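Step one of this worksheet: look at the structure below.
Predicted model only: the values in this text are computed from it and were never measured. Atoms considered below: every heavy atom in the structure, side chains included; atoms not considered: hydrogens, waters and symmetry mates.
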Amino acid sequence: MKVKSIYIILMILIAIALFWNQNTVKPSLWIKAIGIIIFFYGMMKLSAKTPSKNQDNEE
């Protein structure tokens with residue numbers, strides 16, 4: 001498995017966990033905060049290899 005597909009699966013699982021936590025009677029602030037931090041870190045890793053739209057202008 002490629003690292004990119006592992007990150008995608010991890011992001012989906014974190015999103016499901018965050019939605020599940022939100023639907024509980026008393027949502028945990030810690031789970032929400034840690035989940036959002038991990039989600040943004042994973043999205044940063046996924047989008048790090050995406051070329052800039054201005055890349056042609058720089059060359």
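Residue Met44 shares its hydrophobic cluster (ILVMFWY side chains chained together at separations under 4.5 Å) with Tyr41. Counting Ile, Leu, Val, Met, Phe, Trp and Tyr side chains that sit under 4.5 Å apart, directly or through other members, Trp30 stands alone, with no cluster partners.
Side-chain heavy atoms closer than 4.5 Å link hydrophobic residues (I, L, V, M, F, W, Y) into clusters, and following such links, possibly through other members, connects Tyr7 to Ile34.
Qualifying side-chain contact (heavy atoms from CB on, under 4.5 Å) partners for Leu18, counting only residues two or more places apart in sequence or in other chains: Ile14, Ile36. Scanning for side-chain contact (heavy atoms from CB on, under 4.5 Å) contacts around Ile12 gives Ile8, Ile16, with sequence neighbours left out.
Between the side chain of Asn21 and the main chain of Ile31, no donor-acceptor pair closer than 3.5 Å is present.
Shortest non-hydrogen contact noted between Met43 and Met11 is N-SD, 3.9 Å.
Here the CG atom belonging to Leu13 is positioned 11.5 Å from the CD1 atom belonging to Ile38, to the nearest 0.5 angstrom.
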